[in-house]
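Encoded as structure tokens, the structure appears first; notes follow it.
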Amino acid sequence: LDKLGFCWYPKEESWEESFEKLRIYKEKNGNCDVPQKHKSDPALGQWVGVQRRSRDNGKLSAERIQRLDELGFCWDLLSKAWEQSFEKIRIYKEENGHCDVPAIYKDDPALGKWVSVQRRSKRRGKISAERIQRLDEIGFCWDVKEREWEENFQKLRLFKEKNGNCL
């Protein structure tokens, strides 16, 4: 059977074949973030998802986790996407002096939407304290209308000091 090339461990061989496909994908794309419905190889996208779930369920061996880590495998795509958007807002602040990306922002519509999602997530208590702190540290405004009201109130206060009335 060995001389005929009999496969004694088909699951192991299948995993190695998929791992090799992932390695090639990374060479071509610079990452291991294969879409779940990858057009040219749907099975690879599904395999990547299975690896994440298997690790989360404690069913992926330490050796396989290590090999995927060494390849640069991302275990949490949502966190990766958040970090990428955080970096974009940080750069936006450097360039513009504030973090007030419009909800409809033609230069980067996804960033405008992300900013709105962060504000909504905080109102609903769906964002971690660590993320709130990181956004606070770069001067992220959680409520633009409230800030504008305060700014206009201060202008009115100064006007009254100068003119003796609020007219």
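Nothing fancy with the numbering, it's 1 onward along the sequence.
Going from atom CG of N29 over to atom CD1 of I24 covers 11.5 Å, rounded to the nearest 0.5 Å. The structure places CD of E137 at 12.5 Å from CZ of R90, a figure rounded to the nearest 0.5 Å. The distance from atom CD of Q51 to atom OG of S18, rounded to the nearest 0.5 Å, is 7.5 Å. Separating the CG atom in L68 from the CD atom in E63 is a distance of 9.0 Å, to the nearest 0.5 Å. C32 SG to L22 CG: the interatomic distance, rounded to the nearest 0.5 Å, is 4.5 Å. Atom OG of S79 is separated from atom CD of Q84 by 11.0 Å, given to the nearest 0.5 angstrom.
The environment of K93 atom NZ is dense: over 12 non-hydrogen atoms of other residues, nucleotides or ligands sit within 6.0 angstrom. The number of heavy atoms from other shown groups lying within 6.0 Å of CD1 (I104) does not exceed 12. Applying the 6.0 Å contact sphere to NZ of K80 captures more than 12 heavy atoms from other residues, nucleotides or ligands. Atom CD of Q36 is surrounded by 12 or fewer heavy atoms from other residues, nucleotides or ligands within 6.0 Å.
For the residue pair W75 / D69, a side-chain donor-acceptor distance below 3.5 Å is found, with atom types taken as modelled. Side chain to side chain, D136 and W142 meet the donor-acceptor criterion of an N or O pair below 3.5 Å.
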Exercise. Report the C-alpha separation of V101 and K88 in whole Å, then their side-chain angles, then the decisive distance to 0.1 Å, and conclude whether the side chain to side chain contact (heavy atoms under 4.5 Å, CB included) test is met.
Key: CA-CA 11 Å; V101 180; K88 285 182 179 182; over 6 Å; no
Exercise for the section: Please test E27 against R23 for salt bridge (Lys or Arg N to Asp or Glu O under 4.0 Å), starting from the C-alpha separation and ending with a verdict. Expected result: CA-CA 6 Å; E27 280 181 12; R23 190 190 62 70; 2.2 Å; yes
**Asked** Is there a side chain to side chain contact (heavy atoms under 4.5 Å, CB included) between I127 and L135 once you walk through the steps?
**Response** CA-CA 11 Å; I127 186 171; L135 287 163; 4.2 Å; yes
Could you walk me through whether K21 and D41 pass the side chain to side chain contact (heavy atoms under 4.5 Å, CB included) check?
CA-CA 9 Å; K21 287 180 182 181; D41 189 351; 3.3 Å; yes
E70 vs R67, test: salt bridge (Lys or Arg N to Asp or Glu O under 4.0 Å). Steps then yes/no. CA-CA 5 Å; E70 289 169 357; R67 289 181 63 198; over 6 Å; no
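Listed for the N96 side chain is no donor-acceptor partner under 3.5 Å among the backbone atoms of H98. A donor-acceptor contact shorter than 3.5 Å links the side chain of D76 to the backbone of L78.
D100 has its side chain within reach of R147: a pair of non-hydrogen atoms, C-beta onward, lies under 4.5 Å apart. The shortest distance between side-chain heavy atoms of E151 and Q154 does not fall below 4.5 Å. With contacts defined as side-chain heavy-atom distances shorter than 4.5 Å, the pair S85/E87 does not qualify.
Screening residues 116-127 for side chain to side chain donor-acceptor pair (under 3.5 Å), with sequence neighbours left out, gives W82-Q118.
Put simply, F73 and I65 are part of the same group of oily side chains (I, L, V, M, F, W, Y) that touch within less than 4.5 Å, one to the next. Hydrophobic cluster membership is shared by I138 and W114, with clusters built from Ile, Leu, Val, Met, Phe, Trp and Tyr side chains linked at under 4.5 angstrom. Using a 4.5 Å cut-off between side-chain heavy atoms of Ile, Leu, Val, Met, Phe, Trp and Tyr, with links allowed through other members, L44 and L71 fall into the same hydrophobic cluster.
Between F153 and W149, the ring planes are parallel. Angles under 30° get that label, and only those over 60° would be called perpendicular.
When all heavy atoms are compared, the tightest approach of K39 to P42 is O-CD, 3.8 Å. The shortest heavy-atom contact between Y25 and D33 is OH-O, 3.5 Å.
Legend: residues meeting salt bridge (charged side-chain N to carboxylate O under 4.0 Å, His left out) with E146, ordered by chain and number and at least two apart, are absent.
Here Y92 and Y105 bring their ring centres to under 6.0 angstrom of each other.
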